[in-house]
Participant: 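Handing you a structure now.
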Amino acid sequence: MDHLRFPDDLIRAQQQWHDTYRALAAPRPRRTTELRRRLLALSARIHWHPFWATPAGRTPAARVELRQRTAADRTQVAA
């Protein structure tokens, strides 16, 4: 699979989304309302990012690659 060049702000937003999701999924999380609002805002930012209107971003595989790449980055940092 060819690796796409994602904009830095899109990568950061997806990484923050993963971090927020993990914080919300933790046992007995604190500030759940704040975390849910943040997750929703990040979801909207990612979904409406201009990259998805480019030829490289028009395929569903591009969204999958972004999620996989940023999730993999987070597991390596935690290890």
Side-chain angles (χ1 to χ4, degrees):
M1 172 184 256
D2 294 332
H3 289 289
L4 297 173
R5 171 94 172 104
F6 294 105
D8 292 337
D9 63 326
L10 181 58
I11 291 172
R12 264 191 313 278
Q14 186 67 51
Q15 289 170 335
Q16 291 171 356
W17 188 96
H18 284 295
D19 293 342
T20 305
Y21 186 86
R22 286 186 188 106
L24 192 56
R28 299 178 63 154
R30 295 177 182 235
R31 305 178 345 259
T32 57
T33 301
E34 180 184 328
L35 289 171
R36 287 178 179 159
R37 286 179 180 159
R38 180 158 173 72
L39 195 62
L40 184 59
L42 287 166
S43 295
R45 187 183 313 165
I46 293 165
H47 180 76
W48 295 108
H49 195 280
F51 174 77
W52 305 124
T54 66
R58 287 193 184 123
T59 65
R63 291 183 186 265
V64 172
E65 183 178 339
L66 175 67
R67 283 191 300 263
Q68 289 176 343
R69 192 184 306 176
T70 56
D73 289 348
R74 291 322 217 193
T75 56
Q76 290 173 358
V77 170

Participant: Taking the side chain as C-beta and beyond, is there a heavy-atom pair between Trp17 and Arg67 under 4.5 Å?
Facilitator: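 No, too far: nothing below the 4.5 Å cut-off.
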
Participant: When rounded to the nearest 0.5 angstrom, what distance separates CG in Leu66 from NE2 in His49?
Facilitator: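 NE2 of His49 is found 9.5 Å from CG of Leu66.
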
Participant: For Ala56 and Ala62, work out which heavy atoms get closest and say how close.
Facilitator: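 What the structure gives for the nearest pair is O-CB, 3.6 Å.
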
Participant: Is the CZ atom of Arg63 crowded by more than 12 outside heavy atoms at less than 6.0 Å?
Facilitator: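 More than 12 within 6.0 Å, yes.
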
Participant: What distance separates Leu40 CG from Arg38 CZ, expressed to the nearest 0.5 Å?
Facilitator: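 Rounded to the nearest 0.5 Å, the CG-CZ separation comes out at 12.0 Å.
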
Participant: I'd like to check Thr20 versus Arg36 (side-chain heavy atoms, cut-off strictly below 4.5 Å). Are they in contact?
Facilitator: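 In short, these two side chains do not touch, never coming nearer than 4.5 Å.
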
Participant: Looking at Glu65 and Leu4, would you say the former's side chain and the latter's main chain have a donor-acceptor pair under 3.5 Å?
Facilitator: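 It does hold such a pair.
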
Participant: Is it the case that Arg58 places NZ or CZ above or below the six-membered ring of Trp52, under 6.0 angstrom from the centre and within 45 degrees of the axis?
Facilitator: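 No, cation not above the ring by the 6.0 Å, 45° rule.
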
Participant: Out of curiosity, Thr32 OG1 to Leu39 CG, how far, rounded to the nearest 0.5 Å?
Facilitator: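 Going from the OG1 atom of Thr32 to the CG atom of Leu39 covers 12.0 Å.
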
Participant: Taking atom OH of Tyr21 as the centre, does the number of heavy atoms from other residues, nucleotides or ligands within less than 6.0 Å exceed 12?
Facilitator: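 Count not over threshold, so no.
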
Participant: Would you please name every residue forming a side chain to side chain contact (heavy atoms under 4.5 Å, CB included) with Arg45, sequence neighbours left out?
Facilitator: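 With sequence neighbours excluded, Arg45 shows a side chain to side chain contact (heavy atoms under 4.5 Å, CB included) to Ala13, Gln16, Leu42, given in chain and number order.
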
Participant: Would you give the length of the straight line joining atom CD1 of Ile46 to atom CD of Gln14, rounded to the nearest 0.5 angstrom?
Facilitator: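 One gets 4.0 Å once the value is rounded to the nearest 0.5 Å.
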
Participant: Minimum heavy-atom separation for Ala23 to Pro29, with atom names?
Facilitator: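 Heavy atoms of Ala23 and Pro29 come nearest at O-CB, 3.4 Å.
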
